[in-house]
Structure formats: C-alpha cells, structure tokens
*Asks:* 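Dumping the structure here so I can ask a few things about it.
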Amino acid sequence: MSQPASIKEDGLGQLSRSAENAKRIKSVQDKFVNSQSLMKEGRALVGEGILMKVCRKKPKQRAFFLFNDILVYGRVVINGHKYSQQKIIPLNEVQISNPIDSEENPYSWLICSPKKSFIVHANSDRERQEWISHLERCIQHASGGNNAQNNTVAAHWVPDDKADTC
C-alpha cells in the first residue's frame with residue numbers, strides 16, 4: 001500500500017487541506033471511466049494499491065483507494081492509468097475481520113458493509129497488516145470513534161464446495 005510520508009495519527013485533517021492531497025484525489029477520480037466525484041471538503045487520500053478481490057469464478061485484480069471517509073475500488077483496465085466499475089463504500093458502515101487465510105487465498109481478510117461484503121487478499125502478510133491498520137484507523141476516524149460492529153452487513157459469497165449450506 002503506498003501512502004504519503006506525511007501522515008501522522010492526527011495528520012488526516014491537515015492532509016485533507018493540502019493542495020497536494022486535492023491533486024491526488026483529482027488524479028484518482030480522473031483515472032476512473034464514468035466516475036463519481038471524489039472531491040469533498042475534509043477528504044484525504046490515505047493510500048492505494050492493487051488487491052485481489054475474491055469473486056464467484058476466480059479472484060480478480062482490483063485497484064483500491066483508501067480515503068479518510070470512503071473506500072473506493074474498481075476494475076483495472078490499464079494498470080496505474082485506467083479503472084472502471086467504480087464502487088464507493090462509506091467507511092462509517094465498514095467492518096473488517098481479523099486476517100483469514102486459506103490455501104487459495106493467503107493474506108486475506110473480509111471487508112463487510114450493509115450493501116456488499118467480500119474477501120480481499122494482499123501479496124504478503126506485511127501488505128495485509130498495513131491495509132488493515134490503515135483501514136481500522138480510517139474507519140475509526142469516519143465513525144467519529146463509534147464502532148460500527150453492531151451494523152447489519154451483507155453476507156459475503158462463499159464457494160459452493162466450502163459452504164455448509166446453500
């Protein structure tokens with residue numbers, strides 16, 4: 001996960017007001033085909049990276065962008081340059097699980113929200129720990145310190161051969 005070097009625990013507010021941050025957000029927005037606006041007062045781009053999202057047929061590469069209030073992801077069209085199918089999840093609705101590993105999906109964890117829940121996996125345990133750490137901090141920030149653990153979330157897809165019931 002790449003991130004700006006200037007982030008401190010209390011630096012999200014300062015970062016959100018910087019001109020560099022506004023340029024970075026505009027750059028992310030412009031890389032999405034038919035994107036929704038990502039510019040918003042107080043929004044800061046915290047980090048970005050490519051993760052594998054577990055889908056029905058097989059894991060698929062997705063570009064993820066972590067902001068202090070939302071998680072944005074989309075399909076990679078041209079790596080680093082163009083993305084499509086932009087999805088935006090408000091972080092005040094997100095819950096993340098502890099790491100879950102399987103042979104098919106090492107370095108995995110579950111991202112849950114009321115509308116969509118899914119498993120993602122990183123390339124290494126270190127990358128996973130960085131994502132989880134940043135996600136937890138941004139979820140805490142977006143929730144105003146109120147934990148979203150009691151929100152109802154969508155079920156995530158489980159492969160038929162791994163499910164106890166249909």
*Asks:* Compare all side-chain heavy atoms of Leu71 with those of Val94 and state whether any distance is below 4.5 angstrom.
*Replies:* no
*Asks:* Side chains of Asn105 and Pro59, heavy atoms from C-beta outward: is any pair under 4.5 Å?
*Replies:* yes
*Asks:* Hey, what do you get for OG (Ser84) to NZ (Lys31), rounding to the nearest 0.5 Å?
*Replies:* 14.5 Å
*Asks:* State plainly whether one hydrophobic cluster holds both Met52 and Trp109, where clusters connect Ile, Leu, Val, Met, Phe, Trp and Tyr through side-chain heavy atoms under 4.5 angstrom apart.
*Replies:* no
*Asks:* Relative to the ring of Phe118, is the ring of Tyr73 parallel (under 30°), tilted (30 to 60°) or perpendicular (over 60°)?
*Replies:* tilted
*Asks:* One thing to verify: whether Arg126 and Glu130 come together as a salt bridge, which I'm taking to mean a side-chain N less than 4.0 angstrom from a carboxylate O.
*Replies:* yes
*Asks:* As an exercise, state the distance from CG of Leu45 to OG of Ser27, rounded to the nearest 0.5 Å.
*Replies:* 9.0 Å
*Asks:* Nearest heavy-atom pair of Asn21 and Arg43: which atoms, and what distance?
*Replies:* ND2-O, 2.8 Å
*Asks:* Please report the closest heavy-atom contact between Phe67 and Leu38, naming both atoms and the distance.
*Replies:* CZ-CD1, 4.1 Å
*Asks:* For Pro114, does its backbone N or O pair with a side-chain atom of Glu93 as donor and acceptor, under 3.5 Å?
*Replies:* no
*Asks:* Do you know which two heavy atoms are closest between Leu91 and Ala142, and how far apart they sit?
*Replies:* CB-CB, 3.8 Å
*Asks:* Rounded to the nearest 0.5 Å, what separation is found between the NZ atom of Lys87 and the CZ atom of Phe64?
*Replies:* 11.0 Å
*Asks:* With the 4.5 Å side-chain cut-off for hydrophobic clustering, are Met39 and Val72 part of the same group?
*Replies:* yes
*Asks:* Less than 4.5 Å apart, side chain to side chain, heavy atoms only: is that true for Ile89 and Lys115?
*Replies:* no
*Asks:* Considering non-hydrogen atoms only, spot the tightest contact between Lys53 and Val120 and give its length.
*Replies:* CA-CG1, 4.2 Å
*Asks:* Transitively linked via ILVMFWY side-chain contacts under 4.5 Å: Ile132 with Tyr107?
*Replies:* no
*Asks:* In terms of hydrophobic clusters joined by side-chain contacts under 4.5 Å, are Leu51 and Leu135 together?
*Replies:* yes
*Asks:* Using side-chain heavy atoms (C-beta onward) and a distance below 4.5 Å, is Val33 in contact with Lys82?
*Replies:* yes
*Asks:* Give the intermediate values and the outcome of side chain to side chain contact (heavy atoms under 4.5 Å, CB included) for residues Cys138 and Leu66.
*Replies:* CA-CA 8 Å; Cys138 290; Leu66 178 61; 4.1 Å; yes
*Asks:* So, taking the atom named OG in Ser35 and the one named CD1 in Ile88, what distance separates them when rounded to the nearest 0.5 Å?
*Replies:* 8.0 Å
*Asks:* Applying side-chain contact (heavy atoms from CB on, under 4.5 Å) between Val76 and each of Arg62, Gln85, His81, Gln61, report the one that passes.
*Replies:* Gln61
*Asks:* For the residue pair Phe65 and Phe32, does the interplanar ring angle fall in the parallel (under 30°), tilted (30 to 60°) or perpendicular (over 60°) class?
*Replies:* perpendicular
*Asks:* What is the distance from atom CD of Gln36 to atom CD of Gln29, rounded to the nearest 0.5 Å?
*Replies:* 9.5 Å
*Asks:* Report the distance from atom OG of Ser133 to atom CD of Glu136, rounding to the nearest 0.5 Å.
*Replies:* 6.5 Å
*Asks:* Measure across Ser117 and Cys112 and return the closest heavy-atom pair with its distance rounded to 0.1 Å.
*Replies:* OG-CA, 3.3 Å
*Asks:* Using every non-hydrogen atom in the two residues, find where Cys55 and Lys60 come nearest and quote the distance to one decimal.
*Replies:* SG-CD, 4.0 Å
*Asks:* Treat each ILVMFWY residue as a node, draw an edge where side-chain heavy atoms are under 4.5 Å apart, and state whether Ile50 and Val77 are in one component.
*Replies:* no
*Asks:* So, do Arg128 and Asp101 sit near enough that their side-chain heavy atoms are less than 4.5 Å apart?
*Replies:* yes
